[in-house]
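Heads up, the thing below is written out as structure tokens.
These figures come from a predicted structure and were not determined experimentally. Just so we're on the same page: letters track the sequence lines, and every chain starts at 1.
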Number of protein chains: 2
Amino acid sequence: MERHLDRIWLVTALDEARAGLAEGGVPIGAALYGADGTLWGRGRNRRVQDGDPSAHAETAAFRAAGRQRSYRGTTMVTTLSPCWYCSGLVRQFGISRVVIGEAVTFHGGHDWLAEHGVEVVVLDDPECVALMREFTARNPALWNEDIGA
Amino acid sequence: MERHLDRIWLVTALDEARAGLAEGGVPIGAALYGADGTLWGRGRNRRVQDGDPSAHAETAAFRAAGRQRSYRGTTMVTTLSPCWYCSGLVRQFGISRVVIGEAVTFHGGHDWLAEHGVEVVVLDDPECVALMREFTARNPALWNEDIGA
């Protein structure tokens, strides 16, 4: 269920995505919030910037949060439906909620997460959709590389 | 089906795992081999060494391989059954084979990978088992942290 802060938190992820676009990267951003609403970590896709294919946005935010004993009650906010890699991250570490900007331009593993007890909220945010539509139209090869397609 | 080179490739992953143990880290290693048998990347769990919770062995090997256009025909060799995070990596990027040292001390997502068309080989290697048995007995909290348990 959508919570009051979800759309505010999405702005953090969107800021990361826009910064990635400005750097010539894949414009996907994410942020990991603790159970008490504090920002644990934020990040963006860095495939182009760092030449790092593992640096998907959710992984970057998770990494930025450093070592943690438990992810109970945490929320991963991401501009785009998480791929299998990042969905696996959420499931393995027991991240409780995933808030997704949009799942129109890419449909990852979020249904699977919901089946396995993760609370999934899809916000259908038009800015997130527009960002990816424009990016994928202009950079189809880079986008396919980023999702192994 | 096990191939001739699988146990030789496992030695690369085991070397990484042992190096991790010597550094005080989680002793899991992995290596990614191209379709032609060349070593694309190798790595080990670096949670302790780098304070990076995303640095599971398979992710480290994948990262070390850099940007690639296709993972068709590649083999990920790992000393331990891959967790959901690293299983998601294999599925998302279309890594064709996963060769696993052991799945006794931890059973991750390799059955799910096999269901989704990945060729999975479990070698039941006694050295891999011994390494993890000793490590988890001595460092239960660190191990639980590494798998979000």
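Remark: A/Leu89 CG to B/Leu89 CG distance equals 11.0 Å, nearest 0.5 Å. Atom CZ of B/Arg67 sits about 6.0 Å away from atom CZ of A/Arg47, to the nearest 0.5 Å. Of the inter-residue distances, the one linking A/Ser87 atom OG with B/Arg91 atom CZ reads 9.5 Å to the nearest 0.5 angstrom.
In the hydrophobic cluster analysis, where Ile, Leu, Val, Met, Phe, Trp and Tyr join through side-chain heavy atoms closer than 4.5 angstrom, B/Val99 is grouped apart from B/Trp40. Using a 4.5 Å cut-off between side-chain heavy atoms of Ile, Leu, Val, Met, Phe, Trp and Tyr, with links allowed through other members, A/Ile100 and A/Trp9 fall into different hydrophobic clusters. Side-chain heavy atoms closer than 4.5 Å link hydrophobic residues (I, L, V, M, F, W, Y) into clusters, and following such links, possibly through other members, connects B/Val120 to B/Ile95. With hydrophobic clusters built from ILVMFWY side chains whose heavy atoms lie under 4.5 angstrom apart, A/Leu123 does not share a cluster with A/Met76. In the hydrophobic clustering of ILVMFWY residues, with side-chain heavy atoms under 4.5 Å counting as a link, B/Val104 and B/Leu131 come out apart.
Note on B/Ser70, B/Cys83, B/Ala55: by heavy-atom pairs under 4.5 Å with chain A, the leading option is B/Cys83. When B/Ala149, B/Ala60, B/Gly148 are compared by the number of non-hydrogen pairs under 4.5 Å with chain A, B/Gly148 comes out ahead. Among the candidates A/Gln92, A/Arg72, A/Gln68, A/Glu145, the residue making the largest number of heavy-atom pairs closer than 4.5 Å to chain B is A/Gln92.
Evaluated for a ring pair (Phe, Tyr, Trp, His ring centres under 6.0 Å) with A/Trp84, the options B/Trp112, B/Tyr85, B/Trp84 yield exactly one hit, B/Trp112.
Only the backbone of A/Asp146 comes within contact range of chain B, with at least one heavy atom under 4.5 Å from a heavy atom of that chain. Of the atoms belonging to A/Val48, heavy atoms from both backbone and side chain fall under 4.5 Å from chain B. Only the side chain of A/Tyr71 has a heavy atom closer than 4.5 Å to any heavy atom of chain B. Only the backbone of A/Ala141 comes within less than 4.5 Å of a heavy atom in chain B; its side chain stays farther off.
The six-membered or imidazole ring of A/His56 lies away from that of B/Phe62, with a centre-to-centre distance of 6.0 Å or more.
Other residues, nucleotides and ligands contribute over 12 non-hydrogen atoms within 6.0 Å of the CZ atom of B/Arg69.
By a heavy-atom distance cut of under 4.5 Å, not one residue of residues 23-39 of chain B is near chain A.
In terms of heavy atoms, B/Pro53 sits closest to A/Gly66 at CG-O, 3.4 Å.
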